[in-house]
Amino acid sequence: MLRQLQSLRKKLHEIAEARGSLTDPAVLAISEEADQLIVALQQIQREEFAVSSTKREENK
């Protein structure tokens, strides 16, 4: 997922530069895709944190 996000960021910069606008529909579409991926990654991190916190509490 992180590689996919890095790829999207690179593509976002390239298209924004080529189109000369951050509000170009192609740029916005890639930005939205990247945002969705970021949200998914954050959810995974929250879940992993919750699991590790639970395990620490159980080991006390």
Side-chain angles (χ1 to χ4, degrees):
M1 287 180 110
L2 289 174
R3 284 189 190 133
Q4 185 180 1
L5 181 57
Q6 290 172 341
S7 176
L8 283 172
R9 285 180 175 165
K10 182 179 177 186
K11 188 175 179 181
L12 180 66
H13 288 285
E14 290 170 355
I15 292 177
E17 188 174 309
R19 304 281 174 104
S21 173
L22 294 175
T23 58
D24 182 88
V27 174
L28 294 176
I30 296 169
S31 179
E32 186 176 318
E33 187 177 349
D35 288 346
Q36 291 172 358
L37 189 55
I38 290 167
V39 169
L41 286 166
Q42 289 174 334
Q43 181 63 34
I44 290 168
Q45 286 178 327
R46 279 194 293 273
E47 290 170 3
E48 288 175 352
F49 178 77
V51 168
S52 66
S53 294
T54 301
K55 286 181 181 179
R56 274 187 262 134
E57 289 298 319
E58 290 173 352
N59 290 330
K60 285 186 177 182

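Note that these values count all heavy atoms, side chains included, but never hydrogens, waters or copies made by symmetry. Model, not experiment: these values are computed from the prediction. Here, residue 1 is the first one in the sequence, and each next residue gets the next number.
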* Within the side chain of Ser53, is there an N or O that forms a donor-acceptor pair under 3.5 Å with the backbone of Phe49? -> yes
* Does CD in Gln42 sit with more than 12 non-hydrogen atoms of other residues, nucleotides or ligands closer than 6.0 Å? -> yes
* Nearest 0.5 Å please: distance from the CG atom of Leu8 over to the NZ atom of Lys10. => 12.0 Å
* To do: With sequence neighbours left out, write down each residue that passes side chain to side chain contact (heavy atoms under 4.5 Å, CB included) with Thr23, or none if nothing qualifies.
  => Ser21
* Side-chain heavy atoms under 4.5 angstrom apart, residues restricted to Ile, Leu, Val, Met, Phe, Trp, Tyr: same cluster for Ile44 and Leu5? -> yes
* To do: List for me each residue that meets salt bridge (Lys or Arg N to Asp or Glu O under 4.0 Å) alongside Asp24, sequence neighbours excluded, and say none if there are none.
  => Arg19
Sequence neighbours left out, cut at 3.5 Å: what donor-acceptor pairs do the side chains of residues 25-41 make with other protein atoms?
none

* **Side-chain donor-acceptor contact under 3.5 Å, Gln6 with Arg9** => no
* Atom CZ of Arg3: over 12 foreign heavy atoms under 6.0 Å -> no
* **Common cluster, Met1/Val51, ILVMFWY with side-chain heavy-atom separation under 4.5 Å** => no
